[in-house]
Amino acid sequence: MNGKNALAAGVAAALALGSVTMVATQSTAAPRPTAAAGTSAAQPGAGFQAMTADARGEAIRAAGRNAAATARALGLGPDERLVAKDVLIDADGARHVRYDRTYSGLPVIGGDLVVHLAKDGTITGSDLAHQGAVRVAGTTPKLTAAEASAKAVKHARHVKKAKAGSKDSTLVVYAVGKIPVLAYRSTVTGAGETGPTSREAVIVDATSGAALDQYELHQNVTGTGNGVTVGQVSLETTQTAGGYTLTDTAHGGTIVYDAYNSPQSNPRQNARAFSKTTNSWGNGTTSSRESAAVDASYGLAKTWDYYKNSFNRSGIRNDGRGAPAYVHVDTNLLNAFYDDNCFCMYFGDGSSQNGNTPVTALDVAGHEMSHGVTAATANLTYSGESGGLNEATSDIFGTMVEFSANNTGDPGDYYIGEKLNMSGGYMRRMDNPSADGRSLSCWNSSAGSVDVHLSSGIGNHFFYLAAEGTGAKTIGGRSHTGTTCNNDTFTGIGKDKAAAVWYRALTTYMTSTTNYAGARTATLQAAADLYGANSQERYLVSKAWAAVSVGTALPDPGTPTPSPTDPTPSPTTPPGGNALANGGFEQGTSGWTQSDNIITNSSLQAARDGSWYAWMMGYGADAVESLSQSNVAVPSTGTPKLTFWLKVSTQESGFTAYDTLKVKVNGTTLATYSNADASSGYVQKTVDLSAYKGQTVKLEFAGTEDTYLSTVFLLDDVTIG
C-alpha cells in the first residue's frame with residue numbers, strides 16, 4: 001500500500017511495502033501501453049499530465065513514502081536509501097519517479113535512478129545510473145577532509161594551481177564507474193578558464209587521493225564573442241510606489257539585477273534591482289545599462305513560456321518559481337552561466353573581442369535556463385559523454401526558444417549564438433557541427449574525452465536531422481546543410497515533435513551518467529510513448545541516430561492504416577443489481593480509478609468479504625487520496641442509494657475530525673467520515689442518491705490526512721442500487 005502506516009484495533013503496526021510488484025528491472029523501461037501505431041499528433045506536455053504545485057508535492061511525498069519498498073524491489077543493499085526528487089505522471093496514469101541514492105547516509109554520485117510504474121502502481125521498469133546495489137568496504141576514509149582538499153587542488157584541470165584553493169570537501173560514494181569508491185567531492189576555486197574565480201568540482205579517492213573525476217561547475221556558453229539586440233519588445237514589469245522594477249510576476253517573480261560589475265567570485269556583491277520612474281527600459285545600445293537587462297528579461301520570459309506552452313512545465317524546477325538573473329557581471333567577461341547552487345543566472349558584458357557586447361542573446365538565455373531544467377531532472381554529469389548531452393540539451397532548447405519567440409529581429413534557426421558578433425558568424429551549428437573545425441558531427445570512441453561544448457555536436461546534429469531531415473535548406477534566412485555520417489537521406493519529424501521526444505527522454509529516462517548510446521535508447525522509448533512503437537516518428541528518430549554514428553536504424557514500419565475509433569459505450573447497470581462495476585474489488589482495480597495503490601489484497605488488513613478491499617490513508621502525514629468510478633448509471637426507479645462497508649482505525653483521540661473520508665457525487669460531498677468514527681470492525685453505511693435518480697454520475701471517495709497521527713479507512717462491498 002505504498003508507505004501507509006497500518007493500524008489494527010487502534011494498535012499501530014508498520015506497513016510492509018511488499019505490495020510493490022517488480023515486473024522488470026533493466027537499463028531501459030519495459031514497454032508500456034503506447035499510442036496506436038501510426039499516431040502522429042503530438043501530445044501536449046510530451047504526454048504528461050498537468051499538475052499543480054500541491055499535487056506535485058504530494059506525488060513526491062508519496063514516492064518518498066514508497067522509497068523503502070522501491071529500494072527492495074530494485075534489489076538495493078541494506079545500507080542504501082532512496083530520496084524522492086521528482087515525479088512525472090503520464091496522461092494514462094503511469095508514473096515516473098526520480099530518486100537520488102544515499103549509502104550509509106552519504107550522497108552517492110552516480111546513484112540516481114528513475115522508476116517507472118503503471119497506473120496500478122506496478123513497477124514496469126527502471127533506469128539506473130549505477131546498475132545494482134552499491135557496496136564499499138567501509139565509510140571511514142584514510143584521508144582527512146583537509147588532505148582531500150589539497151589533493152583536489154593538485155588534480156584540478158581548469159583552475160591555475162598556483163592561486164587555487166579548495167573548500168567544502170565532502171565525503172561521498174562515487175558510483176559512476178563499475179566499482180563504487182569512497183571518495184571526497186571538493187570545490188576548487190581560482191583563476192581559470194571561466195574567469196578570475198573559476199570553480200571546479202574535483203572528486204578524489206578517499207583512500208589513495210587519486211583523481212576520479214573533475215569538471216567545471218559553471219556550465220558555460222563559451223566562444224569569442226556574445227551580444228544581441230532583441231529590438232523593441234514587451235516586458236512584464238512590476239509597479240512600485242516609486243515607479244517600476246524589472247520583476248516579472250507573470251513568470252514566477254523573475255527579477256533581473258544589475259551586478260554593477262561585481263567580481264565573478266561574488267557576482268551579487270554590488271547587485272541591485274533595476275528600477276526607474278518610467279516603464280521604458282534601455283535604448284538598444286550598451287550606452288544604457290538597461291539594454292542588457294531588457295535582453296535578459298525578454299529571453300528568460302520567452303524561455304519560461306516555451307517550457308510552459310510545450311510541456312506544461314512551470315519554471316526551471318517545475319515549481320512556479322522564477323530564477324533571478326544578474327547582468328553586467330565582472331569586466332571583460334565573455335561568458336554567461338547558470339549556477340544551481342544559488343538557483344540563478346549570470347551574464348557577462350563581453351570583452352574587446354566582441355566590442356564589449358553583453359552576453360544576453362535570446363538563445364543564450366534559453367541555453368542557460370535549460371541547464372537548470374537538466375539539473376532538476378536527469379542532472380547529467382558535466383563531463384564525458386553525459387556532459388556533451390548536457391550541453392546539447394541546452395543548445396536544443398535554446399534553439400527551440402528562439403523559434404518559439406518568433407522575434408523578427410532574431411528569427412529561429414539552428415545556429416547557436418549567431419547574433420553574438422562571432423568572427424565566424426556563429427558559436428555552433430547544429431546542422432553541421434564540424435563546420436567550425438572543432439566540434440564533433442559524428443560519434444566516435446573518443447567522444448567522451450573532448451570538451452563537452454565540442455562533443456555536444458553529436459546530440460545537436462542528431463536533433464537537427466530528427467527535426468529537419470537531410471538536404472540543403474534555408475531556415476531563418478541562413479543556409480543549413482543536413483549532412484549525415486552514413487550518407488543516408490530521410491525526412492524529419494518536425495522540430496516540435498523532436499523536442500517533445502528529447503524532453504520526455506530527459507525528464508523520464510535519462511540519468512546522470514547517460515551516454516550517447518543511452519540517449520538513443522531513451523529517445524526511442526520516448527518516441528514510442530508519444531507516437532507509438534511502430535510509428536514513423538520512432539523509426540525516423542532511429543534513422544537520425546544512425547546518421548550520427550550512434551546505433552543502427554530500426555526496420556521501416558511503413559505507413560500503417562489508422563485504427564478505427566472505438567465507440568464509447570453507454571453506461572449500463574451490471575448484472576446483480578449493482579450499478580457499480582467490481583463493487584467488491586475482487587477483480588482488482590477493474591472499473592476503478594485510484595490515485596495510489598488503494599485497491600489491495602494485502603494480508604496486513606482484512607477484507608469484509610473475499611480477499612480484496614480498498615485501503616485508504618494511514619500515512620501519519622499530510623496526504624490526499626482518491627478512489628472513483630465514472631459513468632455510473634443511478635437507477636431511475638425506486639429510492640436509489642449507495643451502501644458500503646467501512647472500517648476506521650486511528651491513532652487520533654477524541655472527537656475532533658482530523659482525518660476525513662468524504663463521499664462525493666459529481667464533486668458534491670454527500671457524507672463525511674473521520675477518525676471520530678473509529679470502529680473495531682466493518683460498519684455498513686448508506687447514502688441517499690434520490691437527487692441523482694436516472695442520472696449518469698461520478699462516484700468518489702476522497703481521503704485527507706493531516707500532519708500528525710494516522711487514520712486508516714477500509715472500504716468493501718460498495719453498491720449503488
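Not measured: the values here are computed from a predicted model.
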Query - T303 side chain to M369 backbone, donor-acceptor under 3.5 Å - result: no
- Task: Evaluate the side-chain proximity of L554 to L524: yes if any heavy-atom separation is below 4.5 Å, no if none is.
- Result: yes
dist Y414:OH -> I396:CD1 (nearest 0.5 Å) comes out at 10.5 Å
Q) Are any of the side-chain nitrogens in R317 or D340 under 4.0 Å away from the carboxylate oxygens of its partner? A) yes
Short question: side chain of S439, backbone of S434 - any donor-acceptor pair under 3.5 Å? no
Could you tell me whether D431 and R429 make a salt bridge, using a distance below 4.0 angstrom between a side-chain N and a carboxylate O? yes
Distance col, row D363:CG vs I416:CD1, nearest 0.5 angstrom, shows 5.5 Å
- prompt: Do P267 and D330 have side chains that get closer than 4.5 Å, going by heavy atoms?
  reply: no
What one should report as the nearest heavy-atom pair of A336 and E368 is O-OE2, 3.1 Å
In short, G459 meets A392 closest at the heavy-atom pair CA-CB, 4.0 Å
Requested in this report: Taking the side chain as every heavy atom from C-beta outward, state whether D112 and K85 have any atom pair closer than 4.5 Å.
Outcome: no
Do N515 and R520 pair up side chain to side chain, a donor and an acceptor below 3.5 Å, judged on atom types alone?
no
- Message: So does A553 get a backbone contact from the side chain of S542, meaning a donor-acceptor N/O pair under 3.5 Å?
- Response: no
Value for NE2 (H371) from CG (D339), rounded to nearest 0.5 Å, stands at 11.5 Å
- request: Flag the pair E385 / W443 as yes when at least one side-chain heavy-atom distance between them is below 4.5 Å, and no otherwise.
  value: yes
I'd like to know if the side chain of N356 pairs up with that of D349 as donor and acceptor (distance under 3.5 Å, no hydrogens or angles considered). no
Derivation and outcome, side chain to side chain contact (heavy atoms under 4.5 Å, CB included), residues V329 and Y326:
CA-CA 7 Å; V329 173; Y326 298 82; 4.1 Å; yes
| task | Any chance you could lay out the side-chain hydrogen bond (donor to acceptor under 3.5 Å, both in side chains) test for Y260 and R289, step after step, and finish with the verdict? | result | CA-CA 9 Å; Y260 275 92; R289 300 182 71 86; 4.8 Å; no
* Asked: Can you check side chain to side chain contact (heavy atoms under 4.5 Å, CB included) on Y346 and Q264, steps first, answer last?
  -> CA-CA 9 Å; Y346 300 108; Q264 195 175 349; over 6 Å; no
Check: So do the side chains of Y509 and D529 get within less than 4.5 Å of each other, counting heavy atoms only?
Finding: yes
> Are the side chain of H461 and the backbone of T483 linked by a donor-acceptor contact shorter than 3.5 Å?
Replying inline: yes
Between D213 and T381, is there a side-chain heavy-atom distance shorter than 4.5 Å?
yes
**Item:** Test side-chain hydrogen bond (donor to acceptor under 3.5 Å, both in side chains) applied to S394 and S370, step by step
**Value:** CA-CA 5 Å; S394 283; S370 295; 5.0 Å; no
**Asked** Where the side chain of Q214 meets the backbone of H155, is there a donor-acceptor pair that is under 3.5 Å apart?
**Response** yes
| said: Looking only at the side chains, is there a donor atom on one of H96 and R504 sitting less than 3.5 Å from an acceptor on the other? | reply: yes
Taken to the nearest 0.5 Å, the spacing of S297 OG from I255 CD1 works out to 11.0 Å
Heavy-atom closest pair (A301 atom, D248 atom, distance to 0.1 Å) is CB-OD2, 3.7 Å
CZ of F311 to OG1 of T507, rounded to nearest 0.5 Å, is 8.5 Å
If the threshold is 4.0 Å, N to carboxylate O, is there a salt bridge linking E391 and R428? yes
Between S455 and A447 the two heavy atoms that sit nearest each other are CB-O, 3.5 Å
>> Under a 3.5 Å threshold, yes or no: a donor from one side chain and an acceptor from the other, between N390 and T393?
In response: no
What one should report as the nearest heavy-atom pair of K308 and S314 is NZ-CB, 4.3 Å
For S512 and N379, the nearest pair of non-hydrogen atoms, with its separation, is CB-O, 3.3 Å
Determine all donor-acceptor pairs shorter than 3.5 Å in which one atom belongs to a side chain in residues 472-479; sequence neighbours excluded.
from: K473; atom 1: NZ; to: E468; atom 2: O; distance (Å): 2.6
from: K473; atom 1: NZ; to: E468; atom 2: OE1; distance (Å): 3.2
from: R478; atom 1: NE; to: D413; atom 2: OD2; distance (Å): 3.4

Check the pair V401, L362 against side chain to side chain contact (heavy atoms under 4.5 Å, CB included), reporting the backbone distance first and the verdict last. CA-CA 8 Å; V401 168; L362 177 57; 4.1 Å; yes
request  = Indicate yes or no for a side-chain donor-acceptor contact from T514 to the backbone of G518 under 3.5 Å, with no hydrogens or angles considered.
outcome  = no
Practice item. Establish, from distance only, whether the side-chain atoms of D556 and Q536 form a donor-acceptor pair under 3.5 Å. Key: yes
> Less than 4.5 Å apart, any side-chain heavy atom of Y184 and any of V172?
Replying inline: no
Are any side-chain N or O atoms of S386 and backbone N or O atoms of S383, one a donor and one an acceptor, separated by less than 3.5 Å?
yes
d(T357 OG1, N421 CG) to nearest 0.5 Å is 4.5 Å
T523 versus W502, side-chain donor and acceptor atoms under 3.5 Å: no
Practice prompt. Look at the side chain of S456 and the backbone N and O of H453, then say whether any donor-acceptor pair between them is shorter than 3.5 Å.
Written response: yes
(Q) If you apply the rule ring-ring contact (aromatic ring centres under 6.0 Å, His included), what do you find for H480 with Y415, and how did you get there? (A) CA-CA 9 Å; H480 292 68; Y415 286 54; 5.1 Å; yes
Do I203 and I109 pass the side chain to side chain contact (heavy atoms under 4.5 Å, CB included) test, and can you show the C-alpha distance, the side-chain angles, and the key distance before you say yes or no? CA-CA 10 Å; I203 301 166; I109 297 177; 3.7 Å; yes
Are V233 and N407 packed together at the side-chain level, in the sense that at least one heavy-atom pair is separated by less than 4.5 angstrom? yes
Would you say the side chains of T360 and D295 form a donor-acceptor pair under 3.5 Å?
-> yes
- prompt: When you measure from the side chain of S310 to the backbone N and O of Y306, does any donor-acceptor pair fall under 3.5 Å?
  reply: yes
Residue pairs meeting disulfide (SG to SG under 2.5 Å), one or both in residues 447-488, sequence neighbours left out, come to C442-C485
